[in-house]
Amino acid sequence: QVQLVESGGGLVQPGGSLRLSCAASGNIRSVYIMGWYRQAPGKQRELVAAIISGGSTTYADSVKGRFTISRDNANNTIYLQMNTLKPEGTAVYYCNLKSPPQNCWGQGTQVTVSS
């Protein structure tokens, strides 16, 4: 099973920026989807952004233009650059990798957007 290790969460003021990292270890297959999800208290976990092995990306409407997902293929690492953060961005952010039959999750990292 692939292991996912996240970093970069923390406390930031509204309008500020954070960059999350997710390093994958193990046998990464050629075809995969990696993404970032988030879950706020009392809400369902939602997809924030995803990137496939071919390079295509997708974003939730709520973060388009502010967040950017990227990857470092050599190190099997993905990033989520989060700009112009809003209080509603406060959530636990989770890294995910899908490469059937594998479906792996990180432990999550807390992002708090507050004055």
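Side chains are part of it too, since the values below use all heavy atoms of this structure and drop only hydrogens, waters and symmetry mates. One-based numbering along the sequence shown.
Atoms CZ and OG, from Arg29 and Ser99 in turn, are 5.5 Å apart once rounded to the nearest 0.5 Å. Between atom CH2 of residue Trp36 and atom CD1 of residue Ile69 there is a gap of 8.0 Å, rounded to the nearest 0.5 Å. Interatomic distance, CE of Met82 versus CZ of Arg38, reported as 8.5 Å (0.5 Å rounding). Note that CG of Asn27 is 10.0 Å distant from CG of Asn76, once rounded to the nearest 0.5 Å.
With contacts defined as side-chain heavy-atom distances shorter than 4.5 Å, the pair Val48/Leu80 qualifies. The closest side-chain heavy-atom distance from Cys104 to Gln3 is not below 4.5 Å. For the pair Ser114 and Pro87, the minimum side-chain heavy-atom distance is 4.5 Å or more. Taking the side chain as every heavy atom from C-beta outward, Thr68 and Tyr59 approach each other to under 4.5 Å. With a 4.5 Å cut-off on side-chain heavy atoms, Leu18 and Val111 count as touching. You'll find the side chain of Cys95 reaches within 4.5 Å of the side chain of Ile78, heavy atoms only. Residues Arg19 and Ser70 form a side-chain contact, since some pair of their non-hydrogen atoms from C-beta on lies under 4.5 Å apart. Under the 4.5 Å side-chain criterion, counting only non-hydrogen atoms from C-beta, Asn96 is in contact with Lys98.
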Quiz item: So Cys22 and Met34, side chain to side chain contact (heavy atoms under 4.5 Å, CB included) or not? Walk me through it.
Solution: CA-CA 9 Å; Cys22 174; Met34 293 189 72; 4.2 Å; yes

Self-check item: Worked check of side chain to side chain contact (heavy atoms under 4.5 Å, CB included) between Ile52 and Thr57
Solution: CA-CA 7 Å; Ile52 66 173; Thr57 59; over 6 Å; no

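Tracing side-chain contacts under 4.5 Å through hydrophobic residues (I, L, V, M, F, W, Y), one reaches Leu47 starting from Val92; they form part of the same cluster. Val63 and Tyr79 fall into different hydrophobic clusters, where Ile, Leu, Val, Met, Phe, Trp and Tyr are joined by side-chain heavy atoms under 4.5 Å apart, directly or via other members.
Geometrically, Arg45 engages Tyr94 in a cation-pi contact defined by less than 6.0 Å to the ring centre and at most 45° from the axis.
Between the side chain of Thr58 and the backbone N or O of Ala50 there is no donor-acceptor pair closer than 3.5 Å. Side-chain atoms of Glu6 come within 3.5 Å of backbone N or O of Gly108 as a donor-acceptor pair. Formation of a donor-acceptor pair under 3.5 Å by the Gln102 side chain with backbone atoms of Val2 is found in this model. A donor-acceptor pair under 3.5 Å links the side-chain atoms of Ser53 to the main chain of Ser30, judged by distance alone.
Dense packing is recorded around CD of Glu46, with more than 12 heavy atoms of other residues, nucleotides or ligands lying under 6.0 Å away. Counted within 6.0 Å of CD on Glu88, heavy atoms from surrounding residues, nucleotides or ligands total more than 12; the atom is thus considered enclosed.
Between Thr90 and Val113, the shortest heavy-atom contact is OG1-N, 2.9 Å. Looking at every heavy atom in both residues, Leu4 comes nearest to Ala24 through CD2-CB, 3.6 Å. When every heavy atom of Gln39 is checked against every heavy atom of Lys43, the shortest pair comes out as NE2-O, 3.1 Å.
With Phe67 as the fixed residue, the side chain to side chain contact (heavy atoms under 4.5 Å, CB included) test singles out one of Thr84, Leu20, Leu85: Leu85.
Side chains of Thr77 and Asp72: no donor on one and acceptor on the other come within 3.5 Å.
For an aromatic pair to be called close, the ring centres must be under 6.0 Å apart, and Tyr37 with Trp105 satisfies this.
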